[in-house]
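Predicted, not measured: the structure shown is a model, and the values here were computed from it.
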Amino acid sequence: MWHRINKHKLLIVLFIAIAARIAVLVIFRQHFAFSEPGGVIHGSVAYDEYAFNLLATGVYGREAGLPDAGLPPLYGCALALVYGVFGRHYLAVAALHIIFDALSIALLYDICRRLLPRPDQHGDWIGALAGLFFALYPYLIFQNLTLNDTALWMLLLHLFLWLLIRLRERAAIDRPALALAIAAGAVLGVSVLARALLPSLALMAALWFRLTLSGRETILRLLPVALVSLLVPLPWIMRAYAIYDGFVPIALNSGENIYQGNNPYAAAVFRAGYDVQWLTPPIDAPPKDEPLRRNAALAEAGWRYLRENPADALELMLVKLMVYWNPQVTPLNNLRMGEKLGIDEDGEVLIITGEGSHAGVTAANAAYQEAGLFNIVGRRLHVVYFGALWLLAIAGVWLRRRDWRMLSLLFFAQVSQTAMYLLFHPSTRYRSPTDPLLFIFSACAALWLLRRWRRRRIVQPR
């Protein structure tokens, strides 16, 4: 029996992952069945509209037949493909995301096996345990069954890391190495059409290559990655330029995100436990019917606040860091229907109700603040599950300190994504895609504890 488990451990983990997601989908069907009468979308209403309009008109735009670059196109296009083949049905979306999760777990397993290749390092078992922690992670099970791009983004993240590891393993710059470099560049370029976050990781990954390879070998491996990654999103950038007669940094939501995370009220909103997405843009911001000017103005307002208020900016970054790595689900609070965030004269957060309340608050948003499955059970379960694995990960980092050169790629992944969200605005949703990489260190500690417990049982006198 043990031999069979050892031989098929990845398949067992994948079976557990798929079974857990199907079970949640069936038991809590009412929370995911957005396509049925009275159904509510938990996730992104915007991507649903983009996909529906693309399928109906052949034009990527939130308004039917009107092209735009409001959101990155990759997930919306993938969703349109699913709608076109299977219809607009929640089961089709969930099935796609389950496949993405299964592929991410398989890549996570092989990442561990390749980063820790010696038999005494137990990379295969660490990968299986990390995959199991991912498979049963309640937050990501729920998140990746809803209509949002997280599962796709996680797959791209794991695939990019896996390709970099494979590229570094090549002893020479031969055709297979070039093919891996081109594939890594393609994934990097495609990823910015989902979330423009991987370029920062790519820059730090160059340091990982340099730790064990010469400068020449590092450049020869990564130059094709960089060139291909620049070419892939070029058609989308040219399309956006033709629409707006100006350069668009992938999507026109970047400026709003920068301003929301960097303004005089952001720290107060974070401390109050709310998400800064509900902050009202400045009064002098260009109107929404001038999206290019509005995006640039909001971005500049955010960067200007950081430049002109260095002391406050440092405090804000520390607050964001605590929000990002909080073992609790953040934001801690959500607005209810008919509520709006306000700021009084002293900079304190107010919750305004009645006329003029924030129109963007949906029934799905409000559900996370009501007592019940999400706000009571889900939050407590997350603290226990993630909190325990977080503490194990700290121990695992110490236990694997001698392997720091190879495992530094995992550190760079965490540091780069943390830094990106400190520039914008953080939450558990934005941190969770890198949590399985953190669980690798949790698995290191868990395996060490299991082996220690087993040895004590063997030597214990009967």
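Sorted by first and then second residue, the salt bridge (Lys or Arg N to Asp or Glu O under 4.0 Å) pairs with a member in residues 75-87 form an empty list; sequence neighbours excluded. Within the structure, the salt bridge (Lys or Arg N to Asp or Glu O under 4.0 Å) test picks out the following pairs touching residues 73-102 (sequence neighbours left out): Arg21-Asp101, Asp48-Arg88. Sorted by first and then second residue, the pairs that involve residues 75-119 and meet ring pair (Phe, Tyr, Trp, His ring centres under 6.0 Å), not counting sequence neighbours, are Tyr47-Tyr75, Tyr75-His97. A salt bridge (Lys or Arg N to Asp or Glu O under 4.0 Å) check over residues 435-444, counting only residues at least two apart or in different chains, returns the pairs Arg431-Asp435. Evaluation of the ring pair (Phe, Tyr, Trp, His ring centres under 6.0 Å) test over residues 111-135, restricted to residues two or more places apart or in two chains, returns Trp2-Trp125. Screening residues 153-205 for ring pair (Phe, Tyr, Trp, His ring centres under 6.0 Å) gives no qualifying pairs among residues at least two apart or on separate chains.
Evaluation of the salt bridge (charged side-chain N to carboxylate O under 4.0 Å, His left out) rule for Asp403 yields Arg400 as partners, not counting sequence neighbours. For Ala297, the side chain to side chain contact (heavy atoms under 4.5 Å, CB included) test picks out Pro286, with sequence neighbours left out. Residues passing the side chain to side chain contact (heavy atoms under 4.5 Å, CB included) test with Leu292 are Tyr244, Val248, Leu252, sequence neighbours excluded. Every residue two or more places apart in sequence or in another chain was checked for a side chain to side chain contact (heavy atoms under 4.5 Å, CB included) with Arg175, and none qualifies.
Counting only N and O atoms by type, the side chains of Thr330 and Thr428 include a donor and acceptor under 3.5 Å apart.
To the nearest 0.5 Å, the span separating CG on Leu11 from NZ on Lys9 amounts to 10.5 Å.
Here the closest heavy-atom approach between residue Leu66 and residue Val59 is recorded as C-CG1, 3.9 Å.
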I'd like a table of donor-acceptor pairs (distance under 3.5 Å, sequence neighbours excluded) in which one partner is a side-chain atom from residues 188-199, with atom names and distances.
unit_1: Ser191; atom_1: OG; unit_2: Leu188; atom_2: O; d: 2.6
unit_1: Arg195; atom_1: NE; unit_2: Asp149; atom_2: OD2; d: 3.3
unit_1: Arg195; atom_1: NH2; unit_2: Asp149; atom_2: OD1; d: 3.0
unit_1: Arg195; atom_1: NH2; unit_2: Thr150; atom_2: OG1; d: 3.3

Return all side-chain donor-acceptor pairs below 3.5 angstrom for residues 228-236, not counting sequence neighbours, or 'none' if the list is empty.
unit_1: Ser229; atom_1: OG; unit_2: Val225; atom_2: O; d: 3.3
unit_1: Ser229; atom_1: OG; unit_2: Ala226; atom_2: O; d: 2.7
unit_1: Trp236; atom_1: NE1; unit_2: Ile250; atom_2: O; d: 2.7

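Applying the side-chain contact (heavy atoms from CB on, under 4.5 Å) test between Pro436 and each of Leu107, Ile105, Leu140, Leu157 identifies Leu140 as the sole match.
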